[in-house]
2 protein chains.
Amino acid sequence: MPTHYKGSPAEERALNTYIRLTRANDTLQAHLKRGGTMRALTESQFGTLEALYHLGPLCQGEIGEKILKSSGNMTMVVDNLEKRGLVQRERSREDRRQIEVSLTKEGRQLIESIFPQHAGAIVQAFDTLSASEQEQLGTLCRKLGHALVNEELAVAEKS
Amino acid sequence: MPTHYKGSPAEERALNTYIRLTRANDTLQAHLKRGGTMRALTESQFGTLEALYHLGPLCQGEIGEKILKSSGNMTMVVDNLEKRGLVQRERSREDRRQIEVSLTKEGRQLIESIFPQHAGAIVQAFDTLSASEQEQLGTLCRKLGHALVNEELAVAEKS
DNA sequence: TTCAAATAGTTCAACATTGAAATATTATCC
DNA sequence: GGATAATATTTCAATGTTGAACTATTTGAA
C-alpha cells in the first residue's frame, strides 16, 4: 500500500517507509489486542502494570516517561487501575508532590499471569521474520528513534 | 531501552524488536506533530484529507479502511472536519446507506498547501537512515504487516 | 530567609478510539 | 415476494490523549 504521491525518489522512499512502519505498528497492536492476552487492559494500563512489575514502585511522572504519555493522562490511567484494585497510590514522604504508585497483590498476580502469554503472542507475531531480520528491524528502529530524540534534545538545548 | 524480562533468546529478541518498533513509531509521530506541518489537524483528520485528496471522494467506511479506524470513529472525525468546512457529506444515490465524503474547496486548498511541507518533514526525519536502510526497514515492516494481516484473514476464513 | 522558578499532580475541554447496540437500507435465499 | 442476512452509519459509554490552566510543594538564588 505505497503512497500515491508523485515526488522525488527520496520523497517516495521516505514516504513509503513511513507508511509501512506506521501500518506495521498499527497492525501489530490490533493483532495483539485481538489475541486476548491483554485481558481487559488497555495498552497504557498494560504498560503501567508492566513497568511497575519490572521496575518496582514508581511515581506517576516516571511511569509516564516509560510509556511516553502525558502527566494529565497518567492521572486517568492510574485512576482506572486503582478503581480496579490493581495498583495503589501513596504520597511520598521525601517529596510530598510525588505520588508513589505500586502494584497491589491482585495487580501483581494479574501481570504475572498475563505477561508470559503476552510475550508468547509477541514471539509468534514476529515469527514470520528470521532472527537476523528481527535484529535488523530492531536496529533500524532504534537508530531512527535515537536520531529523532537527539534532534529534540538539540532543539530544547537552545531554549 | 530493552525489555527487563528474562526469557529465552527468542523471547528477548522478539520483545526487544517489538519495543523498538513501537517506540520508533511513537517518537516519529510525536516528532511530526511537534514539527507543526500538520497545522491544527489530528492524525486521523490529516489521514482523511490525504485519502480524499489522492483517491477522490470516498464513503466513510472506505476512509476507515484506509486509515485503519472504526466506523464509529469515522463519524466523529468526519463530523469535526465538516464543522471546519474542510469536507462535505452527501448521501449516495445508488446505495442510500452510504455517505460520500468529499473535499470542499477549503479542504483541498489546505491539504495542497500542507502536504509538500509534511512530506519534507518525513524525508528529514528519515534522513538519518541511508536509502538502502530505508528500503530495508520498509521491506521488513511490510513483511511483518502482511504476515499478520494474512493470519487474521485465515482466522476469519474459518468462521 | 524569603521570594521566584521549577516540579508533580490534578482538572478541564476537545477530540480520539473502540465495541456494542440501534437504525436504515440493500441483498439474498426460499 | 417476503423473511432474513448483510452492510453503512449513528449513537453511546468508557477510556484514552493532549495541552493548558491551576494547586501544592520544593528548590534555588538574592
Side-chain angles (χ1 to χ4, degrees), chain A residues 22 25-27 29-36 38-49 57-84 86-101 156 159, chain B residues 22 25-27 29-36 38-49 57-84 86-101 156 159:
Chain A
T22 297
N25 185 68
D26 288 351
T27 305
Q29 301 303 342
H31 178 81
L32 291 176
K33 190 182 293 182
R34 270 185 51 114
M38 293 171 68
R39 307 289 172 85
L41 296 172
T42 66
E43 259 183 71
S44 290
Q45 290 174 346
F46 187 90
T48 299
L49 293 186
L58 299 170
C59 70
Q60 289 187 191
E62 290 172 316
I63 303 173
E65 270 175 47
K66 299 291 173 200
I67 68 172
L68 305 177
K69 294 294 146 68
S70 69
S71 65
N73 191 14
M74 288 316 304
T75 297
M76 159 126 299
V77 172
V78 173
D79 274 355
N80 287 322
L81 288 172
E82 200 179 28
K83 274 186 212 155
R84 287 171 61 173
L86 300 175
V87 304
Q88 59 205 5
R89 281 179 161 110
E90 191 182 1
R91 196 161 283 279
S92 162
R93 301 232 175 146
E94 310 91 65
D95 186 338
R96 296 185 41 73
R97 289 170 304 184
Q98 295 186 167
I99 295 188
E100 283 263 316
V101 183
S159 58
Chain B
T22 297
N25 185 67
D26 288 350
T27 304
Q29 301 304 342
H31 177 82
L32 291 175
K33 188 181 294 183
R34 271 185 51 114
M38 294 170 67
R39 307 290 172 86
L41 297 172
T42 66
E43 258 183 73
S44 291
Q45 290 174 345
F46 187 91
T48 298
L49 294 186
L58 298 170
C59 71
Q60 289 188 189
E62 290 173 315
I63 302 173
E65 270 175 46
K66 299 291 172 199
I67 69 172
L68 305 178
K69 294 294 147 67
S70 70
S71 64
N73 191 14
M74 288 317 302
T75 298
M76 160 125 297
V77 172
V78 173
D79 273 355
N80 288 322
L81 287 172
E82 201 179 28
K83 273 185 212 157
R84 287 172 60 174
L86 300 174
V87 304
Q88 58 206 3
R89 282 178 160 111
E90 191 182 0
R91 194 161 285 278
S92 164
R93 301 229 175 146
E94 310 92 65
D95 186 339
R96 297 185 42 72
R97 289 170 303 184
Q98 295 185 165
I99 294 188
E100 283 262 314
V101 183
S159 58

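Each chain gets a letter, A, B and so on, in the order its sequence line appears, and its residues count up from 1.
- Using modelled atom types, one side-chain atom of E62(B) and one backbone atom of C59(B) make a donor-acceptor pair closer than 3.5 Å.
- In this structure, E94(A) CD and Q98(A) CD are separated by 7.5 Å, a value rounded to the nearest 0.5 Å.
- Of the candidate nucleotides dA6(C), dT18(C), dA16(C), dA16(C) has the atom lying nearest to any side-chain atom of N80(B).
- Residue-level contact check: T42(A) touches the backbone only, with heavy atoms under 4.0 Å from sugar-phosphate atoms and none from bases.
- Using a cut-off of 4.0 Å between Lys/Arg side-chain N and Asp/Glu carboxylate O, R84(B) and D79(B) are scored as not salt-bridged.
- Atom P of nucleotide dA8(D) and atom CG of L58(B) are separated by 13 Å, given to the nearest angstrom.
- When heavy atoms are screened at a 4.0 angstrom cut-off, E43(A) is found touching no nucleic acid atom at all.
- Between the side chain of R96(A) and the base of dT25(D) there is no donor-acceptor pair of N/O atoms closer than 3.5 Å.
- The residue S71(B) sits close to a base: some heavy atom pair falls under 4.0 Å.
- At least one side-chain nitrogen or oxygen of Q45(B) sits closer than 4.0 Å to the OP1 or OP2 atom of dA16(C).
- One atom, CD1 of I67(A), and another, C1' of dT17(D), lie 11 Å apart when rounded to the nearest Å.
- Here dT17(D) presents its C1' atom at 15 Å from CD of Q60(A), a figure rounded to the nearest Å.
- Residue-to-nucleotide proximity on DNA chain D shows that, of S70(A) and M74(B), the 5′-proximal contact is made by M74(B).
- One finds no side-chain N or O of S92(A) lying less than 4.0 angstrom from the OP1 or OP2 phosphate oxygen of dA8(C).
- For the pair M74(A)/T48(A), a side-chain contact is recorded, criterion being any heavy-atom separation below 4.5 Å from C-beta on.
- Residue K33(A) contributes atom NZ, which lies 7 Å from atom C1' of dT18(C) at whole-angstrom precision.
- Nucleic acid contact for G61(B): sugar-phosphate only, since backbone atoms but no base atoms lie under 4.0 Å from a heavy atom of the residue.
- Here dT26(D) presents its C1' atom at 18 Å from CZ of R93(A), a figure rounded to the nearest Å.
- Summarising the geometry, the separation between CE on M76(B) and C1' on dA8(D) is reported as 18 Å, rounded to the nearest angstrom.
- Side-chain contact between R89(A) and E100(A) is absent, with no heavy atoms from C-beta onward closer than 4.5 Å.
- Across all strands, R89(A) comes closer than 4.0 Å only to sugar-phosphate atoms, never to a base (heavy-atom distances).
- Nucleic acid contact class of D95(B) (heavy atoms, under 4.0 Å, all strands): sugar-phosphate only.
- Atom CZ of R84(A) and atom P of dA14(D) are 14 Å apart (whole Å).
- Per the geometry, CZ belonging to R97(A) stands 11 Å off C1' belonging to dA5(C), to the nearest Å.
- When each of N73(B) and K83(A) is assigned the nucleotide of DNA chain D with its nearest heavy atom, N73(B) is the one assigned upstream, toward the 5' end.
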